Amino acid sequence: MNEKPKALIAWSSGKDCAWALHEARRTGDYDIVGALTTVTDTFGRVSMHGVREELLRAQLAAAGLPAVIVRIPFPCPNEIYEREMAAAMAQAKARGITHIVFGDLYLEDVRAYRETRLKDVGMIPVFPLWQRPTAALARDMIAAGVEAHLATVDLTKLPASFAGRRFDGALLDAFPASIDPCGENGEFHSFVSAGPMLSRRIAVKVGETVERDGFAYADLLVG
């Protein structure tokens, strides 16, 4: 019997990558051997999402995934980001990993960027959620038991009061019509604390909200 291709999942701690993991495991096409996460070392938090590394590691333990951490500074010029990611890809290839699974939904420019960068290093991207209708997808996640909080909110698109809120039906109903239900346009980022991709629920407390550089960050704490 042929072995399944080894893959990493690009892991932000949010609902889309978590659901991509769920789908990839359900189809069984890949042997997912780790979660690739960018951490801003200056703060010890997941880049963009602002999730504490302690919470990330608790989440990955529940997902049964070894952490593959790419550490970057703040601020991080793109050339440094790409250099560190290329180094991580080289290490992954040395371990026999050939694929990277992404939770992207429909942004063509983001997909093209990933495809180009991975082609340059001889890796293959996988997009199990591509072009799923996001209104239905968001409610499918909730119905399947995904529990999440909004960790980061773009203040040009949502008020700071949305930071820290639970990702549930009431939240979807409260979104303005301009907001993608899955936040694919960067309206918000989330942290998943329970769902079919996790072996146990992670207790989460919502701390203070901090506004910085046009974003509101809810400080999520291990509960």
Side-chain angles (χ1 to χ4, degrees), residues 4-38 46-51 55-68 99-108 110-111 114-115 118 124-154 162 164-173 175 179-202 204 218 220:
K4 296 176 184 178
K6 289 184 179 179
L8 295 177
I9 184 158
W11 191 264
S12 66
S13 78
K15 60 182 176 38
D16 296 337
C17 66
W19 198 253
L21 172 64
H22 176 58
E23 289 290 337
R25 283 175 166 170
R26 185 181 62 79
T27 59
D29 294 333
Y30 305 96
D31 179 15
I32 300 178
V33 297
L36 180 70
T37 305
T38 305
V46 177
S47 303
M48 290 302 298
H49 288 230
V51 171
L55 204 53
L56 167 70
R57 291 189 179 276
Q59 182 189 51
L60 291 180
L65 292 173
V68 179
H99 292 67
I100 309 292
V101 178
F102 294 97
D104 297 301
L105 300 172
Y106 59 74
L107 296 180
E108 296 283 358
V110 173
R111 177 169 178 154
R114 300 199 197 286
E115 289 174 336
L118 289 185
I124 302 169
V126 181
F127 301 92
L129 308 184
W130 190 248
Q131 293 189 334
R132 300 272 186 96
T134 54
L137 178 60
R139 294 190 184 275
D140 286 346
M141 292 178 184
I142 294 165
V146 169
E147 297 178 15
H149 288 81
L150 302 198
T152 308
V153 166
D154 183 340
F162 277 84
R165 286 189 59 171
R166 285 179 61 101
F167 183 75
D168 54 17
L171 177 74
L172 298 180
D173 293 340
F175 279 151
I179 301 301
D180 182 87
C182 287
E184 180 70 348
N185 296 303
E187 297 97 329
F188 61 89
H189 300 292
S190 61
F191 173 82
V192 169
S193 57
M197 69 294 299
L198 302 181
S199 63
R200 59 185 176 276
R201 174 180 283 100
I202 300 161
V204 173
L220 304 179

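Everything numeric here is computed off the predicted structure, so don't read it as measured data. Starting from 1, each residue takes its place in the sequence as its number.
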Look at the side chain of [X] and the backbone N and O of [Y], then say whether any donor-acceptor pair between them is shorter than 3.5 Å.
X      : Y      : result
Gln59  : Ile202 : no
Asp180 : Cys182 : yes
Ser190 : Ala148 : no
Thr37  : Val46  : no
Glu184 : Leu105 : yes
His49  : Thr152 : no

- May I have the step-by-step check of salt bridge (Lys or Arg N to Asp or Glu O under 4.0 Å) for Lys15 and Asp140, ending in yes or no? CA-CA 11 Å; Lys15 60 182 176 38; Asp140 286 346; over 6 Å; no
- Query: Among all residues two or more places apart in sequence or in another chain, which pass the ring-ring contact (aromatic ring centres under 6.0 Å, His included) test with His149?
  - Reply: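 Partners of His149 under the ring-ring contact (aromatic ring centres under 6.0 Å, His included) test: none.
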- Quick one: ring-ring contact (aromatic ring centres under 6.0 Å, His included) partners of Phe188, sequence neighbours excluded?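 With neighbours one apart ignored, the set is Phe175.
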- Query: If every non-hydrogen atom of Ser12 is compared with every non-hydrogen atom of Cys17, which pair is closest and at what distance?
  - Reply: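 Nearest heavy atoms, Ser12 then Cys17: N-SG, 3.4 Å.
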- Between Ala35 and Leu60, what is the shortest heavy-atom contact and its length?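 For Ala35 versus Leu60, the nearest heavy atoms are CB-CD2, 3.6 Å.
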Drop me the distance from [X]'s [atom1] to [Y]'s [atom2], to the nearest 0.5 angstrom.
X      : Y      : atom1 : atom2 : result
Thr134 : Leu172 : OG1   : CG    : 10.0 Å
Trp11  : Thr38  : CH2   : OG1   : 14.0 Å
Leu150 : Phe162 : CG    : CZ    : 8.5 Å

- Task: Identify whether the distance between the nearest side-chain nitrogen and carboxylate oxygen of Arg26 and Glu23 falls below 4.0 Å.
- Result: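 A salt bridge links Arg26 with Glu23.
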- Qualifying residue for side-chain contact (heavy atoms from CB on, under 4.5 Å) with Phe127, from Val101, Asp104, Ile100: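 Of the listed residues Val101, Asp104, Ile100, the side-chain contact (heavy atoms from CB on, under 4.5 Å) partner of Phe127 is Asp104.
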- Item | Non-hydrogen side-chain atoms of Leu107 and Asn185 separated by less than 4.5 Å |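 They are in contact (side-chain heavy atoms under 4.5 Å apart), so the answer is yes.
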